[in-house]
Amino acid sequence: MKIINYNLIIIALLFVVGCSKKENNNQSQKENMENIQVSDYGVTAKDDSIKKYTLTNKNGMKLEVINFGGIITSLTAPDKNGKYEDVVLGFTKPEDYFNGNPYYFGALIGRYGNRIANAKFALEGKTYNIDKNDGPNSLHGGKEGFHTKFWNIEPVKDAKFPTLKLTYTSADGEEGYPGKLSVTVLYTLTDDNALEISYEATTDKATVVNLTQHSYFNLSGNFAKTITDHELQINADKFLPVNETLIPTGEQKAVKGSPFDFTVSKPIGKDINSDDDQLKKGKGYDHNWILNGSGMRNIAKVYHPQSGRVMEVLTDEPGVQFYSGNFLDGKFDTKTGGKNEFRTGFCLETQHFPDSPNQPSFPSTELKPGQKYQAKTIYKFSVKK
Ligand code: BGC
């Protein structure tokens, strides 16, 4: 009798625990969906209506993404007083994203982020000519790269944190690249104030792939201010010097003793105007750093002393393009007043090295049928008081 009673009690307890677990799961799923709002964003010249997805985490941090170019139009982060402000550059008018986005503000970049020399490469004995949109070279996948495409966006129902799944299929031959490429990107906003970006791609023919995210950051909360006072640290002992058209020469140069040494945190502006041939070629920093280590690791940290904002970058990629916003030219209004002037934003674009398809000594960017391209990057925000 006693045994039966115990059994009954255990069964009843398991039932109660099971129900409440289910309830918790449902509850967290429900909350996640409530934390993703969809609204109308704008209409393109071709009459396509674009949606905006707003993700909010439990601290009130917000990420805004549109289904044109997978563009991040806004991302907030707290300052030392707990004030959440937008920290990514962007346009004030939707049509400026739709009609060219000359700076690639906030966009998903593909099929090949960064430059490919002379807009061509050979693969399996065949030469491919890709779109020449940057002097003699191809930049960021060509004029009609992934930053100009409509991405299908779905909120992910069973995710732990608010997550968007973006998908795009790039046709065989698009912008000159071989193979039909199916791309999936996840944007997740975690409760520890991190934006996680996961990339996956598969192909039906051998091709090259190098996906990245082109958000420009300014942690000051005022987009009219330059970023030269931000303190940057990059975990890289070497970088890739470039030629006049910003193609790596192939040399892997030690940063030690040069303006390219960010192994110890220093203000971006400290050495930016040094008399240095590489800085002249890039009009400032516009180079790929060869990241120390491999696998998912901390690769960079940015600190803005006045606001106390800190951004850490983690990735499993071998390189990062640190670009100090040297081509920003004040032609557009910022979201906080004033113009997007020279060096009012910086990018830390995690990626494989530029021009890898033409440089056999660089890690390969080739993707074959049956293989899966996978990469992940995290931008994590915190404060230092
Ligand atoms: C490149 C710059 C280029 C910019 C375009 C960056 O990734 O490194 O050279 O001008 O993208 O916005």
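Residues: numbered from 1 along the sequence shown. Order of listing sets the numbers, starting from 1, for every ligand and every atom in it. These numbers come from a predicted model, not from an experiment.
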A.B. asks: Can you tell me if Lys143 has over 12 outside heavy atoms packed within less than 6.0 Å of its NZ?
C.D. replies: no

A.B. asks: Looking at non-hydrogen atoms alone, which of Phe105, Phe327, Tyr104, Tyr285 comes nearest to atom 5 (C) of ligand 1?
C.D. replies: Tyr104

A.B. asks: Show the atoms of ligand 1 that are less than 4.0 angstrom away from any heavy atom in Glu349.
C.D. replies: 6 (C), 7 (O)

A.B. asks: Assess whether a salt bridge exists between Asp134 and Arg115, defined as any Lys/Arg side-chain N lying under 4.0 Å from an Asp/Glu carboxylate O.
C.D. replies: yes

A.B. asks: For ligand 1, which atoms, with element, lie under 4.0 Å from some heavy atom of Tyr103?
C.D. replies: 12 (O)

A.B. asks: Which is closest to atom 8 (O) of ligand 1 by heavy-atom distance: Ile109, Leu139, Asp286?
C.D. replies: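 It is Asp286 that holds the nearest heavy atom.
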
A.B. asks: Please state whether Phe322 comes within less than 4.0 angstrom of ligand 1, counting heavy atoms only.
C.D. replies: no

A.B. asks: Considering only heavy atoms, does Arg115 approach ligand 1 within less than 4.0 Å through its side chain, its backbone, both, or neither?
C.D. replies: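 Side chain only.
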
A.B. asks: Would you mind listing which atoms of ligand 1 come within a distance below 4.0 Å of any non-hydrogen atom of Gln321?
C.D. replies: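 Answer, ordered by atom number: 8 (O).
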
A.B. asks: Is Lys225 close enough and on-axis enough to Phe223, meaning under 6.0 Å and within 45°, for cation-pi?
C.D. replies: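 Ring-cation test returns no.
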
A.B. asks: Got Thr73 and Phe105 here, is their nearest side-chain heavy-atom distance under 4.5 Å?
C.D. replies: no

A.B. asks: For Tyr216, take its heavy atoms, then give the atoms of ligand 1 lying under 4.0 Å from any of them.
C.D. replies: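 Contacts of ligand 1 toward Tyr216, numbered from 1: 12 (O).
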
A.B. asks: Hey, are Lys52 and Asp40 close enough for a salt bridge, meaning a charged N less than 4.0 Å from a carboxylate O?
C.D. replies: no

A.B. asks: Look at atom 6 (C) of ligand 1 and say which protein heavy atom is nearest, naming residue and atom and giving the distance to 0.1 Å.
C.D. replies: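 Closest protein heavy atom to atom 6 (C) of ligand 1: His214 NE2, 3.3 Å.
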
A.B. asks: Taking side chain as C-beta onward, heavy atoms only, is Lys120 less than 4.5 Å from Tyr128?
C.D. replies: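 A side-chain contact under 4.5 Å is absent here.
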
A.B. asks: Working to the nearest 0.5 angstrom, can you tell me the gap between Asp48 CG and Asn67 CG?
C.D. replies: 9.5 Å

